[in-house]
Structures are given as structure tokens and as C-alpha cells.
Amino acid sequence: MSKLDSTDVQGFALRGYNFPLARFLFLRIPNARNGREFIARLVEHVETGELWVEGKPHTTVSVAFTYAGMAVLDLPQASLQTFPVEFVQGMKARAGILGDTGKNAPDRWDDVWRQNPVHAWLGVYAQSAPELEEKCGEIKALAEATDGAQVIGSQEAAALVIDGKISRKEHFGYTDGFGNPDYQGVNRDTQPGQGKLSPDGKSWLPLATGELLLGYADEAGELPAAPVPHLLARNGTFMVYRKLHQNVAAFRTYMREKGELYPGGEKKLKAKFVGRWPDGTPLELSPNHEDPAVVADKNKNVNFTYANDLDGARCPFSAHIRRANPRDAFGFTGRLANRRRIARRGITYGAYAPDSEPVDDAERGVIFMALNASIFRQFEFVQQQWIEYGNDARQGNDKDALLGNHEGAGKFMIQGSEDAANPPFLCARLPNFVELRGGDYFFMPSITTLRMIAAGTVDPR
Ligand code: HEM
């Protein structure tokens, strides 16, 4: 493996920032000349993967482009023609493949995703509100000074504040942010359970770099399909951006009503939907109760497999984390999952609805962002085959219980055991707990590539 030059990779590709605040700016680039000028100046603000030896910065900026954005920047035809087809088409055109129909269909998305295509995404993260304003102000000033970009939409996002404290919860009340893959060469604390299983199934190894970044060997020992020339792609990655609204009232009502019927009670029912208890304890490690000691232990909280639970008695087949990352549930020591991993970079938006009060109908949910070398092979496969279709999990047409586009007709089979508090149980008439509000597919270039685009030197001739 060639060594990873993290100063050339955008920091966002290499690690989750865990900042309390973010704003996503959606840009249109009027023409190549001004757009390049804007990028030339923007690149000085872009956070790289360099280690934060002096502590976390106050703000970070990341940038990524849709295919329409790459085209407006006048990339050479040879480059444009070699981008993968799903990226060229964009997320809206892939709606049928992804199951984004009915309540999730593009005609119900936010305006910015339905009108003219967004050209670029800017992710601005900050430690405080004044710092966020200041950084966004600087970027807007650059856009105006160069006439190189117009902000046609934006999205506020923030970690949830619950009882006055910044939390790791999402709106349904689960602690999030445990499972995320390890990749070779990416500098971070590796945790058992994050990468892939070793061939003997006894330990965990980081995934090949090429599962995340272009220009490196992937799990098949090949370079991922990428646009030419090589330098355009190397150290870049593809990003999926999806705004996922959460129907908190529907979720709470359903859990309360079904929880009264389920012998394990409401909290355990919630755990069965995700595969983790609300505090994050994995069902595989503690099937009957939350265990704060497991949650706090980095050697345990993602360190589990499904091989000893092939009948789903602990973690049901359609629980969200088992569907989204089946680990070794399909046999072959997990090899069927290794090429379907995604790096998650989600952050919540909207205010938390306190448990004790009726839920208002405000917009709230998760800005789901996933990075992968191949949107087709990784994100789209997970979304299509594992979330929206249940065949691999031996659940027929049943969808991921939490995320599926159920349209009121879905069902979730909780497998259970002979234990009286853990019987098999059927949840019928599932509503859509989550609804798509829009998004798109983006290419997140390396720092070198940003400079090449700015200089108009992508074509080496
Ligand atoms: C509103 C939408 C969503 C909610 C509320 C949600 C919630 C959660 C929760 C609570 C966890 C457990 C915490 C953890 O393991 O880190 C989790 C894990 C995960 N989710 Fe989601 N999720 C959402 C959307 C998605 C989507 C769209 C995908 C993929 C297409 C996805 C893929 C994953 C993966 C891969 C994991 C880690 C599983 C593992 O490694 O064991 N999630 N999610």
C-alpha cells in the first residue's frame, strides 16, 4: 500500500468532526472562469486531514461538487466521461433504484433539490454560533468578490441539546456515532469491531484504503473506478448527502402502543428496532438490559458479530444496524459485507422534542452524509438491497424496520427465543418513521485536485 498523504485529503473524508454546529451551503457556479477563481481562494480555507496537534480548530470548511458542478467548471470531456454513471445521473435520477418513491419521491423534496441542480456543497462546522457566522461570512464574501458562486440554499444542523447539554443522541432518542469503519493508513484510534474480520474471524483489521479513497487498492486488490487523469481522482472520494426527516410523533406513538403489547416492554422494543439500546449498548452484547460499562468501553462497544445469533434471538434480522452493516451475519467471515461499508458523517437538524411533552410538527431529522469510493457498490447497494429489500437478511420484502419506506404496510418480525421476556413478536402496519427531503451525490476532491481545477490544468496536455 502506498502511504497516505493526509495533508492532501480533505479532513472530512478522514474523520467525523463532532462539532456542535454546522451549516451546509448549496452553491451554483455561474461560469468556469469565475468559479475557478472562487475555488482558488476557497482552497486556502479547506480543512485537510492533517492531525490537530494543537487541538481542534474553531471552524472547518469542506467542499464537494455534483457532476453538474464539475461540468460547469469545464473539466475536460475525457474526465467528465469517466465519472461513474450513478454520479453523473445524480441522486434524483436514481430514485427508483433507491426506493425513493411515494413519500420519499423527488417531487416532495425541498425546493433546492428539485430546481436547477446544485453545483457544489460547502460544509462549514464550528464550535460556536459567532464562529459559524464569521466563517460563513468570509466564504460568502469570497463568492461575491470573485462572482464565482451563488448560495442558492443552506441547511442548519447541530448536535442535539438535551437538558442543557450537547448530546450524541438523534431525535428518536438513540445514542449515535458508534459504528464507522477503520481504513488502512487513516490515522485514528482503531477500535475492535470497526474494520473487517480477520480470515480466522478472531480479530479485526482495517479495511483497504481504496474502500474510502480513490487511487488506492480496495478490498478486491483493484483501484476503484475513477475519473481520469489519475491525479483528478487520487485522494478524493464520493459523498452521498441525504436530508432525512424523522417523524418523532409517529415513532413515539408506535413504540408506546406496541410496547404495551410486547412482553419485553417499550425500551426493549426500541432496542430491537435498532440493534442497540437507546444508550448505545449493543443487543448482541447485552440482550436484556442497557449496560453503561459496555457503552463506555471502546474495546467492547462496537466489538461484536452475529455468527452466534444466526436465528436473530438477540438482534433481529431487520434491526437497523444488522441490516446496514451485517458483519458476519451472511457467513464467509464477513467478506460479503467488506465491500459495502460506508463512512458516516451524520449530524442532526432541528430542535429536540422533549420526551415529556407532545411533539410539535417542526422539521427535525438527520443530515445523513456517507463517504465511499463507489456510490453504486457501497451506499446504493446498502440502501437498495439491505435497507429497502430484505432478501439477503432472509426477510423477503421486509425493509429495515427503522428506515424503510414502509408506507403503512411494512412489517417487522422480531425473532425472539424461548425466554418469556424475549418472545417472537410481529410489528405490523409500520409507518414511515423517516422521510427523505432531498440531497444529491458529490465528488469530494483532494487539495491537489482543487488546485488543478482552479488553475484549469486538469487536462495535462
Ligand atoms: C434518520 C435516519 C437514521 C437514523 C435515525 C439512524 C440511526 C442509527 C443509529 C441509532 C445507529 C446506532 C449507532 C451506531 O452504531 O453508530 C445507526 C448505525 C448505523 N447506521 Fe443509521 N440511521 C439513519 C440513517 C441511516 C442510513 C440512511 C444508512 C445507510 C444507508 C445508515 C447506516 C448505518 C450504519 C452503517 C450504521 C453502523 C452499523 C454498524 O457498524 O454496526 N443509517 N444508525
Side-chain angles (χ1 to χ4, degrees), residues 3-25 41-64 121-142 155-170 175-192 194-195 206 209 212-213 235-237 239 280 295-299 301-302 343-349 366-367 369-371 444-448 450-451:
K3 197 171 170 312
L4 191 64
D5 177 5
S6 30
T7 59
D8 192 42
V9 185
Q10 291 198 42
F12 191 76
L14 299 186
R15 56 175 168 236
Y17 286 154
N18 289 330
F19 276 41
L21 299 172
R23 184 175 299 158
F24 304 110
L25 303 175
R41 295 178 55 184
L42 178 76
V43 74
E44 305 305 329
H45 294 259
V46 173
E47 189 69 23
T48 75
E50 200 167 358
L51 282 184
W52 292 334
V53 275
E54 284 165 23
K56 243 177 166 170
H58 295 275
T59 56
T60 63
V61 176
S62 318
V63 59
W121 163 98
L122 284 185
V124 185
Y125 283 72
Q127 306 270 20
S128 71
E131 287 165 326
L132 182 65
E133 286 309 329
E134 194 184 328
K135 198 52 160 177
C136 290
E138 281 174 37
I139 305 284
K140 277 189 188 155
L142 273 189
Q155 174 69 51
E156 300 295 314
L160 295 188
V161 177
I162 304 177
D163 297 333
K165 284 195 223 112
I166 294 175
S167 88
R168 286 176 58 199
K169 297 270 184 198
E170 51 67 55
T175 309
D176 203 355
F178 292 96
N180 240 335
D182 275 334
Y183 301 93
Q184 275 169 26
V186 175
N187 203 328
R188 69 168 209 173
D189 294 341
T190 48
Q191 265 182 265
Q194 298 289 47
T209 318
L212 174 69
L213 295 180
N235 287 334
T237 184
M239 181 179 83
V295 176
D297 188 341
K298 289 195 159 197
N299 284 314
N301 61 25
V302 283
R344 292 184 303 140
R345 298 284 182 264
I347 180 165
T348 46
Y349 67 92
V366 169
I367 302 298
M369 290 164 290
L371 302 164
M444 182 171 283
S446 72
I447 306 296
T448 301
L450 286 172
R451 292 192 199 282

[X] side chain vs [Y] backbone, donor-acceptor pair below 3.5 Å:
X	Y	value
Gln194	Pro181	no
Lys56	Asn18	yes
Thr237	Leu212	yes
Tyr349	Ile367	no

So do the side chains of [X] and [Y] get within less than 4.5 Å of each other, counting heavy atoms only?
X	Y	result
Leu132	Val124	yes
Ile447	Thr7	no
Gln127	Thr59	no
Ser446	Val9	no
Leu122	Leu42	yes
Glu50	Asp8	no
Leu450	Gln10	yes
Ile347	Phe24	yes

Assess whether atom NE2 of His58 is packed by more than 12 heavy atoms of other residues, nucleotides or ligands within 6.0 Å.
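Result for NE2/His58: open.
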
Within a reach of under 6.0 Å around CD of Glu156, are more than 12 heavy atoms found that belong to other residues, nucleotides or ligands?
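Yes, CD of Glu156 has more than 12 neighbouring heavy atoms, counting only those of other groups under 6.0 Å.
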
Test side-chain contact (heavy atoms from CB on, under 4.5 Å) applied to Lys135 and Arg23, step by step:
CA-CA 10 Å; Lys135 198 52 160 177; Arg23 184 175 299 158; over 6 Å; no

Nearest non-hydrogen partners of [X] and [Y], listed with the distance:
X	Y	answer
Ser128	Leu21	C-CD1, 3.3 Å
Val295	Gly280	CG2-C, 3.9 Å
Gly185	Leu4	O-CD2, 3.1 Å
Ala64	Pro445	CA-CD, 4.4 Å
Asn180	Arg345	ND2-NH1, 3.8 Å
Glu170	Thr348	CA-CG2, 3.8 Å

Between Arg41 and Glu138, does any NZ, NE, NH1 or NH2 come within less than 4.0 Å of an OD or OE carboxylate oxygen?
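No salt bridge links Glu138 with Arg41.
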
Over 60° means perpendicular and under 30° means parallel, so classify the ring planes of Phe19 and Tyr125, tilted if in between.
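The rings of Tyr125 and Phe19 stand perpendicular, inter-plane angle above 60°.
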
For Val63 and Val43, run side-chain contact (heavy atoms from CB on, under 4.5 Å): C-alpha distance rounded to whole Å, both residues' side-chain angles, the deciding distance at 0.1 Å, then the answer.
CA-CA 9 Å; Val63 59; Val43 74; over 6 Å; no

Give the intermediate values and the outcome of side-chain hydrogen bond (donor to acceptor under 3.5 Å, both in side chains) for residues Glu47 and Trp52.
CA-CA 10 Å; Glu47 189 69 23; Trp52 292 334; 2.8 Å; yes

Approximate separation, where rounding is to 0.5 Å, of Thr175 OG1 and Lys169 NZ:
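Here the rounded value is 3.0 Å.
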
Rounded to the nearest 0.5 Å, what separation is found between the OG atom of Ser167 and the CD1 atom of Ile162?
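Here the interatomic distance stands at 3.5 Å.
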
In chain order, what residues pass the side chain to side chain donor-acceptor pair (under 3.5 Å) check against Asn301, with sequence neighbours excluded?
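Side chain to side chain donor-acceptor pair (under 3.5 Å) list for Asn301, sorted by chain: Gln191.
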
Who pairs with Ser6 by side chain to side chain donor-acceptor pair (under 3.5 Å), at least two apart in sequence or on another chain?
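For Ser6, no residue satisfies side chain to side chain donor-acceptor pair (under 3.5 Å) once neighbours in sequence are set aside.
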
Checking Arg344 against Phe178: charged group under 6.0 Å from the ring centre and within 45 degrees of the axis?
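Here Arg344 fails the 6.0 Å and 45° test against Phe178.
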
